[in-house]
Undergrad: 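Supplied in C-alpha cells, the structure appears directly below.
Predicted, not measured: the structure shown is a model, and the values here were computed from it. All residue numbers in this chain count up from 1 along the given sequence.
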Amino acid sequence: MLILSATAARAQIRIWADTDERAPSVTLTPYIPATGGKHVAVIICPGGSYHWLDRQAEGIDVAHWLQSQGIAAFVLSYRTVGIIPFITHSRLLFRGVRHPDMFRDVQRAIQLVRERAQTWNIATDSVGVMGFSAGGHLAMAAAEFAATDFLAPIGIHANVSLRPNFVAALYPVVTLSDKRFVHKRSRKGLLGEWGKNNRQMRDSLSLERHVPSDCPPAFIACCADDPVVHPANAALLDSALTARHIDHRYIRFNTGGHGFGASATRGTEECRRWKEMFLSWLQEILSRQAQHDLSTRDTTQHSNE
C-alpha cells in the first residue's frame with residue numbers, strides 16, 4: 001500500500017513504500033484540477049544539477065500553473081546527491097545516490113500515475129514528463145530510454161507502459177560528453193565522482209546520441225543568455241530530434257537566463273512566454289494524436305467488415 005504523508009500543502013505519495021527500494025524521501029505530489037473529464041497529466045522534474053531540487057519555481061509553481069489550466073500535475077522529488085556529499089565528495093568512498101536511481105524514480109512515477117489513472121481521472125494515453133535543467137535531462141531520458149526497464153532489476157514489473165506520451169525540457173542539460181558544452185556539476189551528480197570520468201558512461205547518457213525512432217513528441221526551450229547550462233545543449237537535442245524526424249518544437253529566447261521555471265518574477269517577460277507556447281504545442285500534438293487514433297480505428301473497422 002502506498003503511504004500518504006500529510007503535509008501543510010497536500011498529500012505526498014512515497015513512491016517506493018512497500019518495496020525493497022530504500023528511498024523514503026522520494027515523493028510524488030499530485031495537483032489535480034477540480035474540473036470534470038479525463039485530464040492530461042504531467043510529471044514535473046525540478047532542476048538542481050542532480051545535487052538538489054528547486055522545488056518552488058521549477059516544481060510547485062509549475063504544478064499550480066498546470067493545475068489552473070486543467071492539467072493534472074505531479075511534482076516528483078527524485079533522488080539527488082545532497083549537500084553533504086557535494087561538499088565532502090563522499091561518493092569517492094561510498095556509492096551514495098547516482099545513476100540509475102533517478103531514472104528509476106521517474107519510471108516509477110510514470111507507472112503509478114498510469115496505474116492510478118482512474119483515481120485521478122487521468123487519460124492514460126496523455127501522460128507526459130516535464131523537466132528543468134538537470135530535470136530536463138531526466139525528463140528527456142524518460143522518453144529516450146523508455147525501452148529500458150529500470151524497475152525490473154529491483155523486482156518491480158509494471159503492467160503499464162513506461163513511455164511518456166510527450167516530454168518538455170526547459171533549458172535542459174543534454175550532453176555529458178561534449179566538453180565544450182557539458183554542465184559538469186550535473187554530470188558529476190548523475191554519474192558520481194568516478195563515473196564522470198568514464199567515457200562510455202558519459203556517451204551512453206548523452207541525450208543527443210540516443211534519440212530512438214519512436215521518441216515521443218518533445219518541447220524544448222532555452223535562452224541564448226543562459227549563464228549556467230550552455231544553450232548549445234538544447235541545440236544539440238534539436239538537431240538530434242530533427243535528424244530522427246521526431247515531432248518537436250524548439251524555442252530559443254534571446255533573454256531569460258536560467259532557472260526561471262514558472263516563476264512570475266524570475267527571468268524576463270520574453271522567456272516567461274514559454275508557458276503559453278507549451279500549452280499551444282500540447283494542444284496541437286494531442287489533437288493530431290486524436291485524429292490519428294480515429295483514423296486507425298476507422299481503418300480497422302473497415303478492414304473487419
Undergrad: Would a 4.5 Å heavy-atom cut-off, applied to side chains only, mark Ser206 and Asp178 as touching?
TA: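 Counting from C-beta outward, Ser206 and Asp178 never come under 4.5 Å.
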Undergrad: Please give the remaining members of the hydrophobic cluster of Ile83, linking ILVMFWY side chains under 4.5 Å, ordered by chain and number.
TA: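 Trp52, Phe86, Ile87, all in the cluster of Ile83.
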Undergrad: Kindly say whether Val97 contributes a backbone atom to a donor-acceptor pair with the side chain of Arg91 at under 3.5 angstrom?
TA: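 A pair under 3.5 Å: yes.
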Undergrad: Taking all heavy atoms of Ile32 and all of Ala72, pick out the closest pair and write down the distance.
TA: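 So the minimum-distance heavy-atom pair works out to CD1-CB, 3.9 Å.
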Undergrad: Would you say Val182 and Arg202 make side-chain contact, with heavy atoms under 4.5 Å?
TA: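 In short, these two side chains do not touch, never coming nearer than 4.5 Å.
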Undergrad: Going by the rule ring pair (Phe, Tyr, Trp, His ring centres under 6.0 Å), which residues pair with Tyr50 if we only count those two or more places apart in sequence or in a different chain?
TA: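 With neighbours one apart ignored, the set is His137.
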Undergrad: Looking only at non-hydrogen atoms, find the nearest pair between Gln107 and Phe145 and report the distance.
TA: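 Smallest heavy-atom distance, with atoms named: NE2-O, 3.8 Å.
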Undergrad: Could you pull out the closest heavy-atom pair between His258 and Ser133, with the gap in Å?
TA: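 Result for this residue pair: NE2-OG, 3.0 Å.
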Undergrad: Please tell me if the side chains of Phe94 and Pro85 come closer than 4.5 Å, counting only heavy atoms from C-beta onward.
TA: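 SC-SC contact between Phe94 and Pro85 ruled out.
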Undergrad: One thing to verify: whether Arg252 and Asp238 come together as a salt bridge, which I'm taking to mean a side-chain N less than 4.0 angstrom from a carboxylate O.
TA: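 Judged by the 4.0 Å cut-off on N to carboxylate O distance, Asp238 and Arg252 do not form a salt bridge.
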Undergrad: Kindly assign one of parallel, tilted or perpendicular to the pair Phe166 and Phe278, based on the angle between their ring planes and the thresholds 30° and 60°.
TA: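 Correct class here is tilted.
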Undergrad: Suppose we screen for ring pair (Phe, Tyr, Trp, His ring centres under 6.0 Å). Which residues come up paired with Trp120, at least two apart in sequence or across chains?
TA: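 Checked Trp120 against ring pair (Phe, Tyr, Trp, His ring centres under 6.0 Å); matches are Phe74.
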Undergrad: Taking the basic N atoms (NZ, or NE/NH1/NH2) and the acidic carboxylate oxygens, is any pair closer than 4.0 Å for Arg266 and Asp61?
TA: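 Result for this pair is no, no salt bridge flagged.
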Undergrad: If you compare all heavy atoms of Ser177 against all heavy atoms of Glu208, which two are closest, and at what distance to 0.1 Å?
TA: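 That closest heavy-atom pairing would be OG-OE2, 3.8 Å.
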Undergrad: So, the side chain of Asn233 versus the backbone of Phe181: is there a donor-acceptor pair under 3.5 Å, distance only?
TA: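 Answer holds: yes.
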Undergrad: Of the options Ile43, Val106, Ile110, Val127, which is the one that meets Pro164 in a side-chain contact (heavy atoms from CB on, under 4.5 Å)?
TA: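 So, applying the side-chain contact (heavy atoms from CB on, under 4.5 Å) to Pro164 and each of Ile43, Val106, Ile110, Val127, only Ile110 qualifies.
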Undergrad: Specify whether Phe219 and Trp281 have parallel, tilted or perpendicular ring planes, treating 30° as the upper limit for parallel and 60° as the lower limit for perpendicular.
TA: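 Answer is tilted, since the angle falls between 30° and 60°.
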Undergrad: One thing to verify: whether Arg79 and Glu21 come together as a salt bridge, which I'm taking to mean a side-chain N less than 4.0 angstrom from a carboxylate O.
TA: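 Looking at Arg79 together with Glu21, the answer is yes, because their closest N to O distance falls below 4.0 Å.
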Undergrad: Determine the minimum heavy-atom distance between Met102 and Gly189, stating which atoms define it.
TA: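 It is CE-O, 3.7 Å.
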Undergrad: Measure across Ser126 and Val40 and return the closest heavy-atom pair with its distance rounded to 0.1 Å.
TA: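 Closest approach of Ser126 to Val40: O-CG1, 3.5 Å.
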Undergrad: Do you know which of Leu207, Val167, Leu205 makes side-chain contact (heavy atoms from CB on, under 4.5 Å) with Glu144?
TA: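 Looking at Leu207, Val167, Leu205, the match for Glu144 under the side-chain contact (heavy atoms from CB on, under 4.5 Å) is Leu207.
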Undergrad: For residues Leu190 and Leu176, determine if any side-chain heavy atom of one lies less than 4.5 Å from a side-chain heavy atom of the other.
TA: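 With C-beta onward as the side chain, the pair touches.
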